[in-house]
Amino acid sequence: MNSAEIGVFGGSGFYSLLQDVREVKVDTPYGPPSDAVFLATVNGRKVAFLPRHGRHHTIPPHMINYRANVWAMRSLGCRCIISPCAAGSLQLEVAPGDFVVCDQFVDRTSGRKDTFFDGPIVTHVSPADTYHPILRKLAIEAIRENGITCHETGTVVVIQGPRFSTKSESKWFHDAGWEVINMTQYPEAYLCRELGMGVVNISLITDYDSGVHAGTEAVNAHNVLEVFRSNSEKIKQVVLDLIGKIPADLEQVSTVADLEYTRGDGHAMSPEDIRLFRVLD
Ligand SMILES: CSC[C@H]1O[C@H](OP(=O)(O)O)[C@H](O)[C@@H]1O
Ligand SMILES: Nc1ncnc2[nH]cnc12
């Protein structure tokens, strides 16, 4: 039986995680995910891994089929998602090599397919607190136990890409007080919430965004990947440790219960709505 409890999305420089994997092709109503899903058991927990850019990094951030990726995880049974990423820093005190467990995002993307609710169910899911508090607490613990500098909160600005930011854009984000910049957290994290999965981000800081640090003029992908690679064993260990900490009672770390009460017209969801909404169950 192809199933998993915990899903992990790998990002730039993060194309594999598990050993003794079973590779499964998953089809979705939104088309194919970025790659096959890799299934394995880690400390008794059933885990699914999916590299969001594909295993050979052939899909740029603005072309990822986020709905297919998130649906694939949910259709396998995942109740929570670990969503690590490479990210730039917008503040001097957040240095390359540090990890940030973001608690907010700012969406600066455009034109991405970013909802499952295109009708007939009309509902408005709140992204006010997209990231799951228990998963965040456990991630912070895992990072600290590995001796890595951890920022316990942070706002990630998600830009459309594939280009990086101009110095003026970067200064704008810096002046707003936001800490982290990336191209993939939106809509990935929000879509997890729409399907009732708890989600946690771990941002591995690979660079100072352009102009943030006097010594760093312009970000480039080569340097980002080099810094990521030199920290890739650390992030993998943190993800594996976090998997071991996630409670077996997954209802504690999913958000399904929140969602049954969020229909757009103010009425409670009918049994039929819930059946459609929970089509994946
Ligand atoms: C390789 S530089 C830009 C690239 O790195 C980040 O990837 P991911 O979020 O998948 O780890 C960023 O979002 C861009 O896609
Ligand atoms: N500076 C940056 N901007 C956007 N995405 C990134 N991913 C890694 N570093 C980044």
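For ligands, and for the atoms within them, numbers begin at 1 and follow the listed sequence. Fair warning: this is a prediction, and the values are worked out from it, not measured in the lab.
Less than 6.0 angstrom separates the ring centroid of Phe49 from the ring centroid of Phe14. Taking the six-membered ring wherever Trp is involved, the centroid distance between the rings of Tyr190 and Tyr66 does not fall below 6.0 Å.
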Please tabulate, line by line, the atom pairs linking an N/O of ligand 2 to a protein N/O at a distance below 3.5 Å, with the distance in Å to 0.1, or answer 'none'.
unit_1	atom_1	unit_2	atom_2	d
ligand 2	1 (N)	Asp207	OD2	2.8
ligand 2	1 (N)	Asp209	OD1	2.9
ligand 2	9 (N)	Gly88	N	3.2
ligand 2	9 (N)	Asp207	OD1	2.6

Pairs under 3.5 Å, N/O atoms on ligand 1 and on the protein: can you put them in a table with the distances?
unit_1	atom_1	unit_2	atom_2	d
ligand 1	5 (O)	Ser12	OG	3.0
ligand 1	7 (O)	Ser12	OG	2.7
ligand 1	9 (O)	Asn182	ND2	2.7
ligand 1	9 (O)	Thr184	OG1	2.6
ligand 1	10 (O)	Ser12	N	3.3
ligand 1	10 (O)	Arg52	NH1	3.0
ligand 1	10 (O)	His53	NE2	2.5
ligand 1	11 (O)	Ser12	N	3.0
ligand 1	11 (O)	Ala86	N	2.8
ligand 1	13 (O)	Asn182	ND2	2.9
ligand 1	13 (O)	Met183	N	2.8

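Salt bridge absent: Arg136 and Asp129 never bring a charged side-chain N and a carboxylate O closer than 4.0 Å. In summary, Arg144 and Glu152 engage in a salt bridge, as defined by a charged side-chain N under 4.0 Å from a carboxylate O.
One finds the CG atom of Leu76 at 10.0 Å from the NZ atom of Lys46 (value rounded to the nearest 0.5 Å).
Hydrophobic clustering places Phe9 together with Leu191 (ILVMFWY residues linked when any side-chain heavy atoms are closer than 4.5 Å, directly or through intermediates).
Counting only residues at least two apart or in different chains, ring pair (Phe, Tyr, Trp, His ring centres under 6.0 Å) contacts with residues 146-184 are absent. Residue pairs meeting the salt bridge (Lys or Arg N to Asp or Glu O under 4.0 Å) criterion with at least one member in residues 91-112, sequence neighbours excluded, do not occur.
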Would Asp241 and Asn146 satisfy side-chain hydrogen bond (donor to acceptor under 3.5 Å, both in side chains), going step by step from the backbone distance to the final call? CA-CA 9 Å; Asp241 291 354; Asn146 277 279; 3.0 Å; yes
